[in-house]
Amino acid sequence: MEDYDVGGQGISYSDNDPENQGNVYREDGVDVVGFGCSDTLNTENCTGYAIGYTNAGEWVEYSFNAEVGAKYSFMARVASGLEGAGFMLYVDGSAVTDTVSIPAGDGWDTYVNVNGETAMIEKGQHILRVKFTGAYGNMDWIEFALERGSFGTAITNAPKLVPNNVKAKVFDINGRFVGLVQIRNASSAVEQLKTMGLNPGIYMVKVPGKNGFMVNTTH
């Protein structure tokens with residue numbers, strides 16, 4: 001979620017105040033928070049980042065390409081310590097979901113998955129807007145798939161090809177570093193993770209110089 005489009009206030013995001021409350025990862029007004037960090041301020045050597053300190057009406061946008069026109073299943077990794085947090089998804093300005101509630105948990109570092117389905121999204125280039133409908137919900141990532149059971153196998157931001165001899169960092173769903181893999185594409189990442197002796201589940205693979213992507217070793 002921290003890799004929203006470049007553009008600025010009112011263009012690629014809307015934040016109710018100009019201060020970056022999380023003070024990490026990017027220097028604009030969006031409140032990005034770190035987790036799994038080495039310091040008490042959660043700004044140093046973090047293993048992951050999320051959008052945090054959210055308020056109703058705030059939003060962030062992402063350019064994406066839908067390779068297939070379809071209604072998409074989605075899974076979002078979220079956290080909140082209070083009741084009332086939630087979000088909606090919009091594509092090219094039109095709502096494609098109802099309000100999705102972010103459940104209140106033990107705190108803002110305790111992330112859980114919520115699921116849903118979009119309205120029809122046409123094939124082609126689009127802008128996804130994630131709009132927060134209630135206060136103080138954190139969002140780590142959103143994953144989309146044509147079928148709910150295939151999460152982790154067809155992620156839109158997974159690099160199709162990466163250079164030889166480049167090792168990617170692997171993190172578990174809680175943002176803990178678990179090892180390194182050498183991969184060529186998203187499919188090879190799934191196979192490599194299965195040989196690492198990790199428990200079945202969802203993992204983040206971070207390729208140097210590229211966005212991270214999720215793989216699911218249970219499929």
Do the non-hydrogen side-chain atoms of [X] and [Y] ever get within less than 4.5 Å of each other?
X	Y	value
V6	R26	yes
E27	N20	no
D31	T54	no
L180	K169	yes
D3	W141	no
I51	F87	no
D140	V78	no
Y72	L146	yes

Search all heavy atoms of [X] against all heavy atoms of [Y] and return the closest pair with its distance.
X	Y	value
A135	A85	O-CB, 3.4 Å
G34	C46	CA-SG, 4.0 Å
E2	V32	CB-CG1, 4.1 Å
A76	I142	CB-CG1, 4.0 Å
W59	K131	CB-CA, 3.8 Å
T133	M88	CG2-CG, 3.7 Å

Mind checking whether [X] and [Y] sit in one hydrophobic cluster, side chains of I, L, V, M, F, W, Y counted as touching below 4.5 Å?
X	Y	value
V60	I127	no
V68	F64	yes
Y111	V114	no
M139	V100	yes

Check the angle between the aromatic planes of F74 and F144 and answer parallel, tilted or perpendicular using the 30° and 60° thresholds.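 Correct class here is tilted.
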Mind checking whether Y4 and Y62 have parallel, tilted or perpendicular rings, split at 30° and 60°?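 Ring orientation, 0 to 90° scale: perpendicular.
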Would you give the length of the straight line joining atom NZ of K71 to atom OG1 of T118, rounded to the nearest 0.5 angstrom?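 It is 8.5 Å, given to the nearest 0.5 Å.
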Atom OH of Y136: over 12 foreign heavy atoms under 6.0 Å: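 No.
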For residues 9-19, tabulate all N or O donor-acceptor pairs below 3.5 Å that involve a side-chain atom, not counting sequence neighbours.
{"from": "Q9", "atom 1": "OE1", "to": "D15", "atom 2": "N", "distance (Å)": "3.0"}
{"from": "Q9", "atom 1": "NE2", "to": "D15", "atom 2": "O", "distance (Å)": "3.4"}
{"from": "S12", "atom 1": "OG", "to": "D5", "atom 2": "O", "distance (Å)": "2.9"}
{"from": "S12", "atom 1": "OG", "to": "G7", "atom 2": "N", "distance (Å)": "3.2"}
{"from": "S12", "atom 1": "OG", "to": "G8", "atom 2": "N", "distance (Å)": "3.1"}
{"from": "Y13", "atom 1": "OH", "to": "G29", "atom 2": "N", "distance (Å)": "3.3"}
{"from": "D15", "atom 1": "OD1", "to": "D17", "atom 2": "N", "distance (Å)": "3.2"}
{"from": "D17", "atom 1": "OD1", "to": "E19", "atom 2": "N", "distance (Å)": "3.0"}

Which residue pairs pass the side chain to side chain donor-acceptor pair (under 3.5 Å) test with at least one member in residues 80-101, sequence neighbours excluded?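 Those involving residues 80-101 are D92-H126.
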